[in-house]
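In listed order, ligands and their atoms are each counted from 1. Computed from a prediction, not measured in an experiment: that's the story for all the values here. Counting begins at 1 with the first residue of the sequence.
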Amino acid sequence: MNDTALLSQAVTHARPPVPSAPRWNVESVLVLFELPFADLLFRAQETLRKHFDPNAVQRSTLLSIKTGNCSEDCGYCSQSKRYQTGLDAQRLLSTEEVLAAAKAAKEQGAGRFCMGAAWRGPKEKDLPAVMAMVSAVKALGLETCVTLGILKDGQAEQLKEAGLDYYNHNLDTAPEFYGDVVTTHTYQDRLDTLRNVREAGLKVCSGGIVGMGETRQHRAGLIAKLANLDPPPESVPINNLVPIPGTPLANSDPIDIFEFARTIAAARITMPRSYVRLSAGREQMSESEQALCFLAGANSIFYGDHLLTTSNPQTPLDNTLFEKLGLHGI
Ligand code: SAM
Ligand code: DTB
Ligand code: SF4
């Protein structure tokens, strides 16, 4: 066949891109949630073992680089200026302060360093300082992650340029429940930022919070939304609400540990190649409860004695737990 014939064949066969069908819907995720517990955990372990070393756990250390005084009204958050939570607000840290914390995290064995800012989104004037932090942390040989809120066009590209690996932006819950938790921005704002992040070539870290008074259907809705992102997030933090006195969600009923483990298992099965992180709320869990979450397919944690404004298990405690369970950190 000559070139013209080849070209005309290519043109004839060219088809408009077909949007890929959603892989999961709320009903199919609910079917997972309703499995007998042992069947669900068995499926989660099968999935984990197909794609990962089942005893390797990714470790990320968090640092709050700008604390409190946030304009948004997220009902779970200690950092919203709308609630009296007794938090001491703090301006943006210097690169030197961030670097010292990152060095310490690296010495403890963390593989990734995540920097969080209590912003609706970064202002243009803030971005150069954050970019300097990212470049400095990256130069230590750590993976870098930031969570800065809603990004405007072009900001994700600037962060990528500075050496950023991951952007964390949680969907937090199902679209139907989001308005009960936050009113100052929308679910669509979150999805738009995730699209910007992806288009800039960054890896995506996105998950949610359970224990906010949502239903099982909402939990399944969150998992279906995350799993249908194309591609799904590389990293999926599942946070157990840390109740903060003074916030609207301070008195939420704690979630049953089996339901929490089911949420982790559903994330594992629907996002087989993603790291699923057992995130906030670990300090309130016993060692056996945490072990259950690893059995349910979690293979990542926040490592280090603080999260953003609340505490996390002390490093030696985590190291002992890993030893007891035969886990190794990466
Ligand atoms: N301001 C940015 C934003 O909202 O995306 C970044 C920081 S914000 C604190 C990051 C995430 O922390 C939230 O999306 C939520 O999932 C989690 N988070 C905040 N407070 C929490 C709490 N009390 N318990 C559990 N997770 C929480
Ligand atoms: C995520 O999913 N959880 C982290 C991180 N991403 C930024 C934050 C947890 C915050 C817990 C409450 C606090 O310490 O303020
Ligand atoms: Fe602000 Fe983020 Fe807290 Fe919402 S979750 S109040 S955007 S810091």
Side-chain angles (χ1 to χ4, degrees), residues 60-83 85-90 92 112-123 126 130 145-151 166-173 178 181-187 189-194 196-197 204-214 222 226 233 235-252 254-255 260 263-264 267 275-285 298 300-313:
S60 291
T61 295
L62 264 175
L63 177 69
S64 180
I65 58 168
K66 185 266 169 186
T67 307
N69 214 18
C70 181
S71 63
E72 302 307 282
D73 70 353
C74 311
Y76 46 78
C77 189
S78 61
Q79 306 200 66
S80 165
K81 68 176 175 200
R82 295 159 194 255
Y83 314 129
T85 63
L87 183 73
D88 277 335
Q90 193 169 36
L92 192 62
R112 188 176 309 156
F113 193 68
C114 306
M115 295 158 269
W119 285 323
R120 173 187 166 85
K123 299 208 167 56
D126 297 319
V130 177
C145 177
V146 296
T147 181
L148 314 172
I150 298 167
L151 294 181
Y166 288 80
Y167 194 83
N168 166 248
H169 198 63
N170 291 338
L171 288 180
D172 278 332
T173 190
Y178 198 69
V181 178
V182 182
T183 69
T184 47
H185 56 258
T186 64
Y187 210 74
D189 291 329
R190 307 290 292 177
L191 291 168
D192 290 347
T193 288
L194 289 178
N196 279 338
V197 165
V204 170
C205 173
S206 187
I209 313 182
V210 298
M212 298 194 294
E214 76 287 340
L222 164 70
L226 293 167
S235 162
V236 181
I238 304 293
N239 296 279
N240 197 347
L241 178 73
V242 180
I244 310 282
T247 61
L249 295 178
N251 299 315
S252 304
I255 192 165
F260 185 77
T263 311
I264 288 193
Y275 281 90
V276 175
R277 184 175 305 139
L278 167 56
S279 302
R282 216 156 53 73
E283 202 181 28
Q284 289 70 34
M285 289 177 198
S300 170
I301 56 164
F302 284 122
Y303 183 64
D305 53 12
H306 53 265
L307 295 166
L308 291 176
T309 67
T310 65
S311 53
N312 196 43

Closer than 3.5 angstrom, by distance alone: can the side chain of [X] be matched with the main-chain N or O of [Y] as a donor-acceptor pair?
{"X": "Thr193", "Y": "Leu191", "value": "no"}
{"X": "Lys66", "Y": "Ala118", "value": "yes"}
{"X": "Ser206", "Y": "His169", "value": "yes"}
{"X": "Asp305", "Y": "Asn312", "value": "no"}

- Within the heavy-atom cut-off of under 4.0 Å, ligand 2 is lined by Leu62, Ser78, Thr147, Asn168, Asn170, Pro237, Asn239, Ala280, Phe302, Leu307, Leu308, Thr309, Thr310

Using only heavy-atom distances, determine whether the side chains of [X] and [Y] contain a donor-acceptor pair under 3.5 Å.
{"X": "Thr173", "Y": "Glu214", "value": "no"}
{"X": "Glu72", "Y": "Ser80", "value": "no"}
{"X": "Tyr76", "Y": "Asp172", "value": "yes"}
{"X": "Thr183", "Y": "Asp73", "value": "yes"}

- Would you please name every residue forming a ring-ring contact (aromatic ring centres under 6.0 Å, His included) with Tyr187, sequence neighbours left out? Tyr178

- Taking atom SG of Cys70 and atom CZ of Arg120, what is their separation to the nearest 0.5 Å? 9.0 Å

- Note on the structure: Rounded to the nearest 0.5 angstrom, the OG-NZ distance for Ser71 and Lys81 is 6.0 Å

- Decide whether a cation-pi geometry holds between Arg282 and Phe302; the criteria are a distance under 6.0 Å from NZ or CZ to the six-membered ring centre and an angle within 45° of the ring axis. no

Please tabulate, one line per pair, the protein N or O atoms found under 3.5 Å from any N or O atom of ligand 1, giving the distance to one decimal.
from, atom 1, to, atom 2, distance (Å)
ligand 1, 1 (N), Ala117, O, 3.3
ligand 1, 1 (N), Trp119, O, 3.2
ligand 1, 5 (O), Arg190, NH2, 3.1
ligand 1, 14 (O), Asp172, OD1, 3.4
ligand 1, 14 (O), Asp172, OD2, 3.1
ligand 1, 16 (O), Asn170, ND2, 2.9
ligand 1, 16 (O), Asp172, OD1, 2.6
ligand 1, 23 (N), Tyr76, O, 3.1
ligand 1, 23 (N), Val242, O, 2.9
ligand 1, 24 (N), Val242, N, 3.0

- Message: Within the 4.5 Å heavy-atom criterion, are Leu308 and Thr67 side-chain neighbours or not?
- Response: no

- Sorted by chain and number, the residues that approach ligand 3 to under 4.0 Å with a heavy atom: Cys70, Glu72, Cys74, Tyr76, Cys77, Ser80, Ala118, Trp119

